[in-house]
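Have a look at the structure below, then the notes.
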Amino acid sequence: MQLFDTARQEVVPFEPRGGRVGIYVCGITPYDSAHLGHAFVYHVFDVLHRRFRDAGLGVRSVRNVTDVDDDILRVARERGVDFRALATEQIRMFDHDMAEIGLLPVDAAPRATEHVEEMVGWIVRLVDDAYAYAVGGWVFFDSGMYPDYGRLSRLDHPTMIELSRERGANPDDPRKRHPLDFVLWQASAPGEPSWPSPWGQGRPGWHIECTVMSTGALGHPIDIHGGGDDLIFPHHESEIAQAEAAGVAPYVRHWSHVAMVNHEGEKMSKSLGNLVFVRDLVRRVPGAAVRLLLASHHYRTSWTYDDHEVDAAAARHRRYVAAMQGGGTLSHEAAHAHEQRFFERLDDDLDTPGALDELDAIAAELSSGSTGVAPGTEGQQLLGRLLGVLGAETEAVPA
RNA sequence: GGCGACGUAGCCAAGUGGUAAGGCAGAGGUCUGCAAAACCUUCAUCGUGGGUUCGAUUCCCACCGUCGCCUCCA
């Protein structure tokens with residue numbers, strides 16, 4: 001399997017260690033419904049998971065849940081519910097949506113609120129080693145102590161500082177020693193949930209949870225750590241800093257980032273309101289069709305969702321179903337050749353669009369000119385099996 | 001400012017130094033009581049201008065244009 005590594009900026013062979021692969025993907029903040037962008041990211045890692053599994057590797061996949069942060073507290077306040085209840089409800093809906101489109105359950109889905117104690121421990125180590133400092137109940141990571149900050153995103157310090165200023169962040173916060181210092185721990189405001197710490201009652205910053213929970217669940221180095229490419233900076237950048245500063249180095253062997261999904265001319269995001277929800281799509285077409293829609297885009301190329309794609313994906317799905325129900329046949333040689341090319345494509349940096357081309361070819365051969373009634377032959381079985389690798393298993397027969 | 005992607009038929013999109021897969025939509029047809037589905041057929045000279053070459057959509061240069069991300073974010 002060849003995969004693009006963000007850190008090295010090139011497609012490199014992924015080498016499993018001892019027949020096992022640990023995958024950690026940054027999950028959601030559960031305060032709103034899952035949209036296509038989320039689905040795309042988790043679909044990509046699901047295909048990767050399935051591919052490794054089918055290749056005989058022991059896969060352990062972990063996807064965290066950021067169940068305490070400004071957004072979730074805000075929404076909970078607006079709706080007058082407890083933030084934990086809101087999180088639990090949203091997680092259930094998220095899991096339901098992902099199951100609808102055929103994602104395998106992850107092996108572990110740790111919630112930030114369940115690991116605060118470990119985070120405090122990690123932060124204490126950083127403070128003890130002078131990589132972090134406390135100011136009035138808050139703790140910041142001292143980026144001045146970590147010159148490599150910016151390595152993953154390939155941004156230099158002046159640029160990062162200028163950017164953060166433009167973006168409304170506050171590099172000039174007088175409490176910070178260096179403009180790029182980031183929050184490890186913050187004092188809770190009145191009414192906010194809080195946990196005890198050496199610096200008073202507070203709650204963790206965003207970045208620390210992933211470093212703590214990923215290494216906690218998978219040890220280190222993490223084989224594959226990924227998420228949407230909007231997380232490269234500052235989230236993953238900061239994870240590396242706080243991990244390596246704590247002596248966990250190398251932290252990650254292979255960084256994998258999935259491109260953004262756009263809609264109506266802009267990145268699909270909560271703040272812009274241009275969302276396409278998974279829930280709405282699965283009401284229109286089978287979950288497998290949604291998977292085919294996602295698989296028709298390469299994970300490193302950002303794309304713009306268009307409503308027509310649903311029809312195209314549904315049509316492709318119907319063709320596959322028809323091919324599996326029909327009595328067309330494929331020679332043993334042809335089946336073998338198709339299967340081989342399918343996996344070559346998939347193993348070449350997860351080229352799912354290329355793999356789909358191969359399935360199209362199989363379906364075309366199975367469909368052309370046949371009206372037979374003897375499904376279940378080698379060709380049909382192959383098509384069904386390969387669809388399974390993409391997470392687009394087709395239900396027996398929806399007539 | 002930094003990083004990156006991209007310009008191929010109405011739309012999505014693959015691809016190669018020798019005259020362009022596939023899909024969606026559209027058109028025609030087969031099947032069907034009608035229809036749907038399925039199947040068959042049909043539909044482009046590859047952003048602009050140069051250059052290299054026997055020959056470029058594919059290589060080089062320039063230009064134009066589009067887009068994404070950059071401490072809320074997958």
Side-chain angles (χ1 to χ4, degrees), chain A residues 6 9 25-29 31-32 34-45 63 66 69-72 74 141 143 149-150 152-171 173 179-183 205-207 226-238 257-262 265-272 275 292-293 296-316 318-319 321-323 325-326 328 345 351 353-354 356-361 363-364 366-371 398-399:
Chain A
T6 306
Q9 283 293 295
V25 182
C26 288
I28 57 163
T29 297
Y31 70 94
D32 202 353
H35 61 250
L36 254 197
H38 296 122
F40 189 48
V41 172
Y42 304 125
H43 147 261
V44 167
F45 287 100
R63 184 174 62 218
T66 304
D69 89 327
D70 289 344
D71 285 313
I72 198 166
R74 189 197 75 238
F141 181 86
S143 59
Y149 196 73
L152 183 69
S153 51
R154 284 155 292 128
L155 295 169
D156 60 38
H157 286 219
T159 302
M160 288 189 276
I161 294 168
E162 187 186 329
L163 274 174
S164 61
R165 185 169 289 118
E166 285 173 10
R167 291 283 158 159
N170 187 10
D173 187 328
L180 293 174
D181 293 355
F182 56 88
V183 177
W206 177 32
H207 312 305
D229 71 15
D230 54 347
L231 296 181
I232 295 174
F233 179 81
H235 188 51
H236 291 334
E237 197 72 72
S238 302
H257 291 96
V258 179
M260 295 292 102
V261 177
N262 306 307
E266 282 187 281
K267 172 179 169 181
M268 195 178 288
S269 75
K270 290 163 184 165
S271 54
L272 292 170
L275 302 176
L292 293 176
L293 190 169
S296 71
H297 293 95
H298 185 86
Y299 80 97
R300 285 199 292 121
T301 304
S302 66
W303 48 286
T304 299
Y305 168 78
D306 183 280
D307 223 37
H308 294 307
E309 289 187 59
V310 179
D311 300 327
R316 168 127 63 186
R318 281 196 302 272
R319 256 180 289 123
V321 170
Q325 289 180 154
R345 294 288 217 149
D351 178 13
L356 241 31
D357 285 347
E358 224 37 65
L359 298 190
D360 284 344
L366 288 177
S367 298
S368 71
S370 85
T371 53

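Computed over heavy atoms, backbone and side chain alike; hydrogens, waters and symmetry mates excluded. So that the names make sense, note that chain A is the first sequence line, chain B the second, and so on, each numbered from 1.
Pairing for B:G65 is with B:C6, a Watson-Crick or G-U wobble pair whose two hydrogen-bonding atom distances lie under 3.5 Å. Base pairing analysis places B:U53 opposite nothing; no Watson-Crick or G-U wobble pair with both distances below 3.5 Å involves it. Across all strands shown, the partner of B:C39 is B:G29, judged by Watson-Crick or G-U wobble contacts whose two distances both fall under 3.5 Å. With a cut-off of 3.5 Å on both pairing distances, B:U58 has no Watson-Crick or G-U wobble partner at all.
When heavy atoms are screened at a 4.0 angstrom cut-off, A:Asp71 is found touching the sugar-phosphate backbone but no base atom. Among the protein residues, A:Gly37 comes within range of the nucleic acid bases, having at least one heavy atom under 4.0 Å from a base atom. Contacts of A:Gly354 with the nucleic acid, taken as non-hydrogen atoms under 4.0 Å apart, are absent. A:His257 comes within contact range of no nucleotide atom at all, as no heavy-atom separation falls under 4.0 Å. Within the nucleic acid shown, A:Arg300 has no heavy atom closer than 4.0 Å to any nucleic acid atom.
Distances were taken from every side-chain heavy atom of A:His38 (C-beta onward) to each of B:U71, B:G4, B:A74; the shortest belongs to B:A74. With distances taken from any side-chain atom of A:Val261 to the nucleotides B:A14, B:C39, B:A74, the minimum falls on B:A74. Listed candidates were B:A74, B:G68, B:G22. Nearest to the side chain of A:Asn262 is B:G68. Closest to the A:Leu180 side chain, of the nucleotides B:C24, B:C69, B:U71, is B:U71. Closest contact between the side chain of A:Ala322 and the listed nucleotides B:A38, B:C69, B:G22 involves B:A38. With distances taken from any side-chain atom of A:Arg319 to the nucleotides B:A21, B:G23, B:U71, the minimum falls on B:G23. Looking at the side chain of A:Met260, the nearest of the listed nucleotides B:A14, B:C69, B:G23 is B:C69. Nearest to the side-chain atoms of A:Arg154 among the listed nucleotides B:A74, B:A14, B:C3 stands B:C3.
Only the P atoms considered, B:A44 is 12 Å distant from B:A9, to the nearest whole Å. Straight-line distance between the C1' atoms of B:C31 and B:C24: roughly 23 Å, to the nearest whole Å. Between the C1' atoms of B:A13 and B:U30, the separation comes to 29 Å (whole Å). Taking the C1' atom of each, B:C59 and B:U53 are spaced 10 Å apart, rounded to whole Å. When the P atom is compared between B:U16 and B:A21, the two are found 13 Å apart, to the nearest whole Å. When the P atom is compared between B:G47 and B:A20, the two are found 15 Å apart, to the nearest whole Å. B:U8 and B:U48 have their C1' atoms separated by 15 Å, with the value rounded to a whole Å. Comparing B:U41 with B:G18, their P atoms are spaced 26 Å from each other, to the whole Å.
The 5' end of RNA chain B is approached more closely, in terms of each residue's nearest nucleotide, by A:Ser153 than by the other of A:Ser153 and A:Gly228. Nearer to the 5' terminus of RNA chain B, by closest-nucleotide assignment, is the contact made by A:Glu309 (compared with the other of A:Tyr42 and A:Glu309).
Between the CH2 atom of A:Trp303 and the P atom of B:C67 there is a distance of 19 Å, rounded to whole Å. Distance A:Asp69 CG to B:A74 P: 9 Å, rounded to the nearest Å. Separating the CG atom of A:Leu152 from the P atom of B:C3 is a distance of 15 Å, rounded to the nearest angstrom. The distance from atom CE of A:Met160 to atom P of B:G1 is 18 Å, rounded to the nearest whole Å. Between the CG atom of A:Asp32 and the P atom of B:C72 there is a distance of 18 Å, rounded to whole Å. Rounding to whole angstrom units, CD of residue A:Gln325 and C1' of B:A38 are separated by 10 Å. To the nearest angstrom, P of B:U71 lies 10 Å from OH of A:Tyr149. Distance A:Asp70 CG to B:C72 P: 10 Å, rounded to the nearest Å.
Residue A:Arg345 has no polar side-chain atom (N or O) positioned under 4.0 Å from OP1 or OP2 of B:A14. Phosphate proximity of B:A38 to A:Arg318: present, with a side-chain N or O under 4.0 Å from OP1 or OP2.
With values rounded to the nearest 0.5 angstrom, A:Trp206 atom CH2 is found 7.5 Å from A:Thr29 atom OG1.
Under the rule for a side-chain contact (heavy atoms from CB on, under 4.5 Å), the partners of A:Ala259 that lie at least two apart in sequence or sit in another chain are A:Asp229, A:Ser302.
Because its NZ or CZ atom is both nearer than 6.0 Å to the ring centre of A:Tyr42 and within 45° of the ring axis, A:Arg63 counts as a cation-pi partner of that residue.
Partner A:Met260 forms a side chain to side chain contact (heavy atoms under 4.5 Å, CB included) with one of A:Val41, A:Asp230, A:Thr304 and no other, that one being A:Asp230.
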Given side chain to side chain donor-acceptor pair (under 3.5 Å), test A:Asp181 with A:Ser143 step by step and report yes or no.
CA-CA 5 Å; A:Asp181 293 355; A:Ser143 59; 2.7 Å; yes

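A:His297 and A:Phe40 have perpendicular rings, their planes meeting at more than 60° on a 0 to 90° scale where under 30° would count as parallel. The aromatic rings of A:Tyr149 and A:Phe182 lie parallel to each other, with less than 30° between the two planes, well short of the 60° mark.
Proximity of the aromatic rings of A:His207 and A:His236 is defined here by a centroid distance below 6.0 angstrom, and this criterion is not met.
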